[in-house]
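Contents: one structure, followed by commentary.
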Number of protein chains: 2
Amino acid sequence: MNARQDIHNSDIPVLCQACEARHRGVCGALNPDQLVALSKQSFKYRAEPGEELVGDSEKVVNFSNVLSGVVKLSKVLSDGRQQIVGLQFAPDFLGRPFKTESALNAVAATPVSLCSFPKSAIDRMVKEVPELEHRLLKQTLKELDEARDWMLTLGRKTAAEKVASFLHLVATHIDPEASMGSGPVAYDLPLTRADIADFLGLTIETVSRQMTKLRKDGVIEIEHNRHITIPDIGRLERRANI
Amino acid sequence: MNARQDIHNSDIPVLCQACEARHRGVCGALNPDQLVALSKQSFKYRAEPGEELVGDSEKVVNFSNVLSGVVKLSKVLSDGRQQIVGLQFAPDFLGRPFKTESALNAVAATPVSLCSFPKSAIDRMVKEVPELEHRLLKQTLKELDEARDWMLTLGRKTAAEKVASFLHLVATHIDPEASMGSGPVAYDLPLTRADIADFLGLTIETVSRQMTKLRKDGVIEIEHNRHITIPDIGRLERRANI
DNA sequence: CGCGTCTTTGAGCTGCCTCAATTCCGGTGG
DNA sequence: CCACCGGAATTGAGGCAGCTCAAAGACGCG
């Protein structure tokens, strides 16, 4: 396994060795040489909760892979009403190919670490490595599927169903096994009540009331406001109307 | 392959000559030879309003280009609540690459004509023509942008703003010049009130009341329930909060 | 002319929002 | 160790936007 392929430049960069993006993310499209080339231009970046990563209608010069943490993508109306239109978990790709301006805000929801590289490096590599575009297409289709699923939640579900859907979404993203397994799932919520409200198209008060109701009904347990335990995910799914 | 066509095999197929998808759609990626190859497997299909083109969780064997008309993409909850998650206009591409099952319903909203071809033909060509994947990525990114825009509408806008946003969306899709021009725009609504309600996450009564309000306020004119005239698109945009 | 479908309009209800007060909790300093 | 502070979350009371239910028009078609 660790047979030291060889001592040449085809060694995988240290930064990439443990990176999820190399397996499930876009970097999986690259061979060791290409990985080395890209890693020379890439840098790791850490952001604190609330820190803006990409501003709306701002020029975008960097793309990133999310290495850990959660990034919220949001849109705002002129009068301040806000809607979160997507959450990015590791190893999602952050950036909009073929456009120089972002149409949305990207803000760290939790402490986040990113692997960033200049947009130009990707633009160049896309031309040489068709597999890279293939990965980007797959990632984009996944995000489109998720966006459309969420549109159903936003447009047609009740507040109770929305909150249950949100707790379920986070559970399945943090622990992909969760949906099949019958055992309990536990996690720390990556979002504040205000964020959850912005994701669900509700107010914080309504979110709070529905969480309380789920807790009193024994569907979830809550500790320290943030830590959620779901004893029976099937029960939560029924509440979410999935 | 028959000899006669081989002689002139670089001629563009008749079906493709006037097709928008050759310019703005995915077929723009293909050279005349490839166009001929694909067109041998493709067929034109006409559908009437209400006709189901792709069923939810149905096996998908065909992809299509929309040549004319409007297709609605929708999702339904187990209890019948429905949400339209996208509208496809010419020359949009209809189909979900890399998945054999559809996660949504596609239904003709108006009379629709399609250029259909087997999924397998595309799957094969994608491997030979990287540019095809490039086009698919662009189309998917466009749809993702639109889906996210609409999430803001669904989650955070009032009923009045939603209806105005819808009328604006149709105006700009049917006449791409509409948004810049100051002149009046007119079109036939491709959707019934029930469809509009399902697109906006409202009831038909609320849609009807808001349309009446816009009409009484002089923002739009309505003839025969379906024909809409927008004297001043800027005025509509203000109502939509764009 | 009568029937079915789509749309409009009206009247009352309710789920979520708004506004306001209180509690919880982590951090900080005495 | 406790008192205090500020931000986040909860809880309560009342209002209203949009839903539900019901009825009546508008229009196309046999």
Side-chain angles (χ1 to χ4, degrees), chain A residues 48-50 72 77 79-83 109-111 153-167 188-217 220-228 239 241, chain B residues 48-51 72 77 79-83 107 109-111 153-167 188-217 220-228 239 241:
Chain A
E48 290 310 305
K72 49 184 182 174
L77 251 22
D79 59 6
R81 279 174 286 172
Q82 180 165 180
Q83 176 68 42
T110 64
T153 301
L154 285 174
R156 287 304 185 196
K157 289 191 184 174
T158 64
E161 292 166 338
K162 283 182 179 182
V163 171
S165 296
F166 169 74
L167 294 172
D188 280 324
L189 271 179
L191 269 58
T192 65
R193 298 291 187 274
D195 285 337
I196 299 173
D198 281 345
F199 194 34
L200 295 171
L202 299 171
T203 58
I204 55 175
E205 294 93 331
T206 300
V207 171
S208 180
R209 278 184 251 269
Q210 297 301 336
M211 299 262 291
T212 302
K213 185 160 194 321
L214 285 174
R215 179 171 53 71
K216 285 186 177 161
D217 292 356
I220 58 171
E221 287 151 29
I222 308 178
E223 285 159 298
H224 305 299
N225 281 338
R226 283 285 195 125
H227 191 78
I228 304 288
R239 295 297 185 111
N241 221 316
Chain B
E48 289 310 304
E51 191 174 329
K72 50 184 182 175
L77 251 21
D79 59 8
R81 278 174 287 171
Q82 182 165 177
Q83 177 67 44
V107 178
T110 64
T153 301
L154 285 174
R156 289 302 184 196
K157 289 191 184 176
T158 65
E161 291 167 340
K162 283 181 178 183
V163 171
S165 297
F166 169 74
L167 295 172
D188 280 324
L189 271 179
L191 269 57
T192 66
R193 298 291 187 273
D195 285 337
I196 299 173
D198 281 344
F199 194 35
L200 295 171
L202 299 171
T203 58
I204 54 176
E205 295 93 331
T206 300
V207 171
S208 180
R209 277 184 252 269
Q210 297 300 336
M211 299 263 292
T212 302
K213 186 161 192 323
L214 285 173
R215 179 171 54 72
K216 284 185 177 162
D217 292 355
I220 58 171
E221 287 151 30
I222 308 179
E223 285 159 298
H224 306 298
N225 282 337
R226 284 285 194 128
H227 191 78
I228 303 289
R239 295 296 186 115
N241 221 315

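As the structure is a prediction and not an experimental result, all values here were calculated from the model. Side chains included, hydrogens not; waters and symmetry mates left out as well; all remaining heavy atoms used.
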5' to 3' on DNA chain D, which nucleotides open and close the contacts with chain A (atom under 4.0 Å from a heavy atom)? D:dA9 to D:dA13

Contact under 4.0 Å: [X] side-chain N or O vs [N] OP1/OP2:
X	N	result
B:Ser208	C:dT7	no
A:His224	C:dG26	yes
B:Thr212	C:dT9	yes

Hey, what do you get for CG (A:Asn225) to CZ (A:Arg193), rounding to the nearest 0.5 Å? 5.5 Å

When you get a sec, tell me which of C:dC16, C:dT7, C:dC17 is the closest nucleotide to the side chain of A:Thr203? C:dC17

Salt-bridge test for A:Arg156 and B:Asp198: reply yes if a basic N is under 4.0 Å from a carboxylate O, no otherwise. yes

A:Glu223/A:Arg215 ion pair, N-O < 4.0 Å: no

Compare every heavy atom of [Y] with every heavy atom of [X], then report the nearest pair and how far apart it is.
X	Y	value
B:Ile196	B:Leu191	CG1-CB, 3.9 Å
A:Gln83	A:Leu200	NE2-N, 4.5 Å
B:Gly155	A:Leu154	CA-CD2, 4.3 Å

How long is the line joining [atom1] of [X] and [atom2] of [N], in whole Å?
X	N	atom1	atom2	value
B:Gln210	C:dT9	CD	C1'	14 Å
A:Arg226	C:dC24	CZ	C1'	14 Å
B:Arg209	C:dG12	CZ	C1'	11 Å
B:Ile196	C:dC6	CD1	P	13 Å

Touch class at under 4.0 angstrom, heavy-atom based, for B:Gly50 against every strand present: nothing

Under the 3.5 Å rule, do the base of C:dC16 and the side chain of A:Glu205 count as making a donor-acceptor pair? no

